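Down below is the structure, laid out as structure tokens.
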Amino acid sequence: MNQIVLGILYWYQKNLRNLPWRSTNDPFKIWLSEVILQQTQVVQGTVYYEKFIENFSNIKQLANAEEEQILKLWQGLGYYSRARNLHKAAQHIINNFNGVFPNNYKDLLKLPGVGDYTASAIASFAYNLPHPTLDGNVYRFIARLYNINLPIDEPRNKSVFINILMELMEGQEPRQFNNAMMEMGAIICKPQNPQCNICPVADYCEALKNNTVENLPVKSKKVKVQIRHLNYFFIEYNNGFYLEKRMGSGIWQNLFQLPLIETLSEGTKEILLSQINLILNNKSTMDIHFEKDMRHILTHQRLEVKFWKIQLNIEPEFTNKKMVHTNLSEYKNYAVPKLIENYLLLL
DNA sequence: AAAACGTGGCA
DNA sequence: TTGCCAAGTTT
């Protein structure tokens with residue numbers, strides 16, 4: 001047997017982490033864990049996995065749930081399209097697959113939110129089918145092991161890595177092989193401070209030989225961060241305040257937030273008073289009070305946020321119809337972005 | 001193909 | 001502070 005594969009599999013047997021979704025072959029649980037762990041670290045995702053398993057024990061329950069309940073459970077985890085697609089995929093299985101979880105790569109790929117990686121993960125972990133799981137860990141591990149300096153964020157280079165994995169996986173148990181490759185990337189061949197001194201395949205590592213470990217893998221794209229100025233309004237009326245549902249596309253779709261006015265530069269009282277009709281139709285005199293500012297950092301955006309307060313004695317007329325009246329205890333039923341939660345928790 | 005999509009941790 | 005990264009997918 002290939003000495004590299006032998007070393008990795010032996011190491012995995014001795015060093016694997018005991019993760020909740022590793023002790024099952026249930027495709028429903030595998031799928032749930034894989035979606036939760038997309039672009040998300042194990043420490044962050046685990047509690048969400050437990051929450052979802054507690055609330056939904058099968059596909060049907062998930063399909064029949066309200067999207068708002070699913071988003072609420074997902075609150076704080078980010079990339080909320082995953083939660084919306086989780087719901088859609090469950091309904092897809094009920095409607096198009098007769099309620100039976102798809103058991104092959106091609107059908108798995110039809111599920112919303114399931115791409116190459118996740119389809120391969122479910123196919124191999126649930127059904128032991130030979131599809132390599134090429135995630136960030138495996139990209140890094142392979143790039144170093146074979147000293148490959150092709151940018152891993154360019155789709156056209158993907159086949160180079162897939163082909164290597166297919167060859168290595170030949171004759172192995174796909175479930176075991178994929179788990180071992182990802183675990184190596186996560187535990188030994190880490191982005192920073194890789195543990196080359198205890199790596200079971202250090203003798204075969206081309207990057208270690210060429211002293212390029214720290215330079216691999218190569219990424220070609222760099223993210224450009226857009227700065228946005230958001231002004232949120234805590235509109236007090238009748239012992240409560242208002243939340244609006246974010247519609248359309250873009251960030252935080254279908255989550256709730258305080259009524260918002262976005263400005264091109266930092267919002268001032270004068271600017272906001274002149275634009276308040278974007279939210280309210282009230283003709284009566286009103287005033288706005290600055291409360292707090294916050295900065296919220298996302299991958300592609302830096303949000304400069306100001307929170308303002310408006311007190312009303314007569315019921316407001318909103319321009320936006322998707323508005324709900326709530327209060328400081330009841331609002332916790334709504335899924336809100338972390339930013340909004342952070343502010344409301346201060347009150 | 002490139003850009004958008006969240007949040008938290010670490011150096 | 002800034003930049004990078006995490007069990008990627010969608011448009």
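Treat the numbers as computed from the prediction; the structure is a model and nothing was measured. A note on names: the letters A, B, ... follow the listed sequences, proteins ahead of strands, and every chain is numbered from 1.
Residue A/Ile297 is in base contact, counting any heavy-atom pair closer than 4.0 Å across all strands shown. Using a 4.0 Å heavy-atom cutoff across all strands shown, A/Leu298 reaches at least one base atom of the nucleic acid. No engagement by A/Gln253 is indicated, since no non-hydrogen atom pair under 4.0 Å with the nucleic acid exists. In this structure, A/Gly45 reaches neither bases nor backbone, as no heavy-atom distance under 4.0 Å exists between it and the strands shown.
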Show your working on salt bridge (Lys or Arg N to Asp or Glu O under 4.0 Å) between A/Glu67 and A/Lys88 and close with a plain yes or no. CA-CA 9 Å; A/Glu67 184 186 91; A/Lys88 287 180 195 158; over 6 Å; no
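Side-chain contact annotation: A/Arg144 with A/Asn147, donor-acceptor N/O pair under 3.5 Å absent.
Nucleotides of DNA chain B with any atom under 4.0 Å from a heavy atom of chain A span, from 5' to 3', B/dA1 to B/dG8.
Within the structure, side-chain hydrogen bond (donor to acceptor under 3.5 Å, both in side chains) pairs that include any residue of residues 47-59 of chain A comprise A/Ser57-A/Gln61 (at least two apart or interchain). Annotation: side-chain hydrogen bond (donor to acceptor under 3.5 Å, both in side chains) contacts involving residues 175-186 of chain A, sequence neighbours excluded, comprise A/Arg17-A/Glu183, A/Arg22-A/Glu183, A/Ser124-A/Asn178, A/Thr133-A/Asn178.
Listed by chain and number, the hydrophobic cluster partners of A/Leu264 come to none, as no ILVMFWY side chain reaches under 4.5 Å of it.
Counting all heavy atoms, side chain and backbone alike, A/Leu108 lies closest to A/Ala123 at CD1-N, 3.8 Å.
For the P atoms, the distance linking B/dG8 with C/dT9 amounts to 22 Å, nearest Å. Distance noted for atom P between C/dA7 and B/dA4: 24 Å (whole Å). Nucleotides B/dA1 and C/dA6, compared at atom C1', are 23 Å apart to the nearest Å.
A/Thr46 places no side-chain N or O within donor-acceptor distance of the main-chain N or O of A/Val43, the cut-off being under 3.5 Å.
Distance CD1/A/Ile188 to SG/A/Cys205: 12.0 Å, rounded to 0.5 Å.
A residue-by-residue look at A/Gly78 and A/Lys221 shows that A/Lys221 has its nearest nucleotide of DNA chain B further toward the 5' end.
In this structure the side chain of A/Ile279 reaches within 4.5 angstrom of the side chain of A/Ile235, judged on heavy atoms.
In the region residues 332-339 of chain A, proximity to DNA chain C at under 4.0 angstrom, judged on heavy atoms, holds for none of the residues.
Taking the six-membered ring where tryptophan is involved, the planes of A/Tyr237 and A/Tyr242 are essentially parallel, since the angle between them stays under 30° and well short of 60°.
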Quick tally for nucleotides 2-11 of chain C: nucleotides whose base has a protein heavy atom under 4.0 Å get B, sugar-phosphate-only ones S, the rest -, giving ---SBBBSS-
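With respect to A/Glu266 and A/Lys306, a salt bridge is recorded, a charged nitrogen being found less than 4.0 Å from a carboxylate O.
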